[in-house]
Structure formats: C-alpha cells, structure tokens
Protein chains: 2
Amino acid sequence: MIRFSKKIEYALGTLQFLGLHQNTPISARELSIKLKIPYEFLSKTLQQLARSGIVIANYGIKGGYHLAKKPSEIHFSDIIDALDENASVVDCVDGLEASCERYNYCNIKNPLLELQSKIFELIRSTTLEDLLKDFKSTKFDVANLDC
Amino acid sequence: MIRFSKKIEYALGTLQFLGLHQNTPISARELSIKLKIPYEFLSKTLQQLARSGIVIANYGIKGGYHLAKKPSEIHFSDIIDALDENASVVDCVDGLEASCERYNYCNIKNPLLELQSKIFELIRSTTLEDLLKDFKSTKFDVANLDC
DNA sequence: TAAAATACGATTATTTTAATCGTATATTTA
DNA sequence: TAAATATACGATTAAAATAATCGTATTTTA
C-alpha cells in the first residue's frame, strides 16, 4: 500500500479551503464543521502547519488560520514534512543499517532509491495551486463550502 | 505516509533473487532463510505471485519457484496488483462516493487523481529488470546470496 | 510411498493511524 | 478589564491496517 494518510488528506482539503478564502482567517472549529473533520485532530494538524510556516495562526475572538504564503509556494513536500510524515518507499533507502534487520541480505535499496527520487520530485513539484486552479471543474457542494 | 508495505518489500527482494537464478526453482523455505523473511508470510506472498502468473510454482521434492516471465516484463504495478495492494493516494480518487463519508464536502479528488496517475506511471514503468541491471554496484553480501 | 514441496483458511500479535480528552495559554473586543 | 473565543499541546484511548503464525490439506517426484 502506498497512500496518503488521513492527516495529509485533511491537511490538503483544509489548505485548499484556506486558499479559497485567503483574506479572512477561519477558525479550526469552523473548518472542522465545514469540512467534516474531527475538531481535535484537525486542530493539531493546523498547529503543525503553523509551526512550519505554512499557515499563520491568529488568536482571539476573531481569530483563525490563514495561508502564510502564496499557494504556488506551498509544495506538497512541504506539507508532508510539516506533518512529520515519512514519504520514503521503504525504510532502508536512507542508507541506515539500523533501519532494517535484513539490511545485509537485501539488495533492493539502490534501485528503489531511484524510484523514490522520482516520486519525491512529483510530490515536490505539486503545489497548493494545483488544488485550486481547476477548482470549478470539480463536483462541488457550493452550499457547504460557502463560496 | 506513502510507502511500500513489508509484503511488497519482501516480494521485490524475492523476485530479485529469483531473477538472479532464473534456471533453477528455489523453494520458499530456502528463500525465507537466505533473505531472512518469515517463512509462512513469504510462502503466502509467493502463492499470490504464482496465481497472478508472475512466478511459476513447482511441486515435489525438487520443487520451488521460478520467474514466469522475463524481468523486463514484470512491472512493479503487476506485483502490487498481484499482492492485492492498493496504490491509490487517497480512497476517493476512484470516484466512488462510498469511499469516503466526506465525499461531498471535499474537493481534492480531481487534482489528486492527476498526481496519482503520474505516480502510477512511474510504478508501471519500473520493472524487475531495474532491480537487476546495476546489481553489482550495490553493497552485496555474496556469501549469503550464494552467487 | 515417503519426503519435500506448495496451498490456503483462520487466528493472533504488533504496529500504525486516527480520534479523543483535559488543561493551559493567548488575544480581542464589548 | 473581564469574558468569550481562539490556539497549544501532552497524554490517553480506540480503531484499523499490517505482519506474523498456526494447522491442515494437497501435490509431485525421487
């Protein structure tokens, strides 16, 4: 299995939403309701994104989160890093023997490293802008997303 | 997180080994010892590969497994399919509403589908040959792999 | 015909991921 | 300036996915 976690999925949907409302901060509570994401979980995810400078947190009664950068400057790889998610296809590709007890009996490292580099490049070159640009072409529940 | 499961990792190492010994069938037992992979687990994995026509099983006292095709004809995507592993970056990309309760509130499907297609293409275009061709350049425990 | 192999359903263990809980802290605005 | 509304975050629990194991049946060949 090779897939994005729910956390990444939530982050992408949330950042897309923030990208559609770049002027006003939106609270974690509102985001969790609009996007049907468990509040506590989303809240933590937003904190991680804030720590990494992807979004900015505004405290207070009219607070919330807004994007810290232009969508074109937010790479998927940044998001994955911010969430402490590992994107390596297998553990041993980092060259650390400790990563796998079979390290000395297994020889798929180098070829897989090549494949991984290509996947990384794809992930790096995809940005939040890609989640926004052809937005209108998607099936979209306008009422729920309030735009 | 976006990574290959242990099962895929085991399958790749095993197929690489079989690719280095294409003339003689090698038993699941021997493979499990040489590659330090739990026997029962590997055994099942090999059965799946056999059902999908990637390897051929030979019963009997001098039986074992050998590749059913040339390494260049064994695509990583075939292997992933054979092992019933899902390679979609998120569930909803298949267009099935049932795949996610948030289906109607979330609009990351189409853009992610694009990214996924590119990842699929990478996985499809990588073959067992890629695990074999620059084999000698890898750090390789010759004694253990008996070649 | 016995040894050595594959076949496979079922179960258990482990790990990872996801969700929740509780409490503390910061900011704004009425 | 105090109350309301936010964020911050460690700790715990729940759920799901992955990995490993067990037991038994079947097939082939030396």
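Predicted, not measured: the structure shown is a model, and the values here were computed from it.
Under the ring-ring contact (aromatic ring centres under 6.0 Å, His included) criterion, B/Tyr39 pairs with no residue, sequence neighbours left out. Annotation: salt bridge (Lys or Arg N to Asp or Glu O under 4.0 Å) contacts of A/Glu121 (sequence neighbours excluded): A/Arg124. Contacts of A/Phe41 classified as ring-ring contact (aromatic ring centres under 6.0 Å, His included), with partners at least two apart in sequence or in another chain: A/Tyr10. Under the side-chain contact (heavy atoms from CB on, under 4.5 Å) criterion, A/Gln22 pairs with A/Leu67, A/Pro71, not counting sequence neighbours. Here B/Ser43 pairs with B/Gln47 under the side-chain hydrogen bond (donor to acceptor under 3.5 Å, both in side chains) rule; sequence neighbours left out. For the salt bridge (Lys or Arg N to Asp or Glu O under 4.0 Å) test, no residue two or more places apart in sequence or in another chain qualifies with B/Arg29.
Atom pair B/Gln48:CD and D/dA19:C1' shows a separation of 13 Å (rounding to whole Å applied). Counting to the nearest Å, the C1' atom of C/dT15 and the NZ atom of B/Lys7 are 16 Å from each other. Per the geometry, CD1 belonging to A/Ile26 stands 11 Å off P belonging to D/dT7, to the nearest Å. Atom CD of B/Glu30 and atom P of C/dT6 are 10 Å apart (whole Å). Spacing between atom NE2 of A/His66 and atom P of D/dA6 amounts to 16 Å, rounded to whole angstrom units. At whole-Å resolution of the value, CG in B/Leu83 and P in D/dA19 are 11 Å apart. Summarising the geometry, the separation between CG on A/Leu42 and P on D/dA8 is reported as 12 Å, rounded to the nearest angstrom. Rounded to an integer number of Å, the gap from A/Gln47 CD to C/dA24 C1' is 12 Å.
Looking at every heavy atom in both residues, B/Leu46 comes nearest to B/Ala28 through CD1-CB, 3.8 Å.
A side-chain hydrogen bond (donor to acceptor under 3.5 Å, both in side chains) check over residues 55-76 of chain B, counting only residues at least two apart or in different chains, returns the pairs B/Asn58-B/His66. Listed by first then second residue, pairs satisfying salt bridge (charged side-chain N to carboxylate O under 4.0 Å, His left out) with a partner in residues 8-25 of chain A read A/Lys6-A/Glu9, A/Glu9-B/Arg102, not counting sequence neighbours. Among residues at least two apart or in separate chains, there is no ring pair (Phe, Tyr, Trp, His ring centres under 6.0 Å) pair with a member in residues 106-133 of chain A.
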Which atom pairs link the protein and nucleotides 20-24 of chain D when you take only N or O atoms and keep those under 3.5 Å?
unit_1 : atom_1 : unit_2  : atom_2 : d
D/dA20 : OP1    : B/Tyr10 : OH     : 3.4
D/dA20 : OP2    : B/Tyr10 : OH     : 3.1

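Residue A/Ser5 places its side chain closer to C/dA18 than to any other of C/dA18, C/dA7, D/dT7.
Within residues 52-62 of chain B, the residues that have a heavy atom under 4.0 Å from DNA chain C are, in order of number, B/Ala57, B/Asn58, B/Tyr59, B/Gly60, B/Ile61.
Remark: A/Arg51 is not in phosphate contact with D/dA8, judged by side-chain N or O atoms under 4.0 Å from OP1 or OP2.
Although no hydrogens or angles enter the test, the distance criterion places a donor-acceptor pair under 3.5 Å between the side chain of A/Ser125 and the main chain of A/Leu122.
In the helix from C/dT1-D/dA30 to C/dA30-D/dT1, the end axes, each obtained as the rotation axis mapping the C1' atoms of four pairs onto the next four within a five-pair block, lie 10° apart to the nearest 10 degrees.
B/Ala50 comes within 4.0 angstrom of nothing in the nucleic acid, heavy atoms only.
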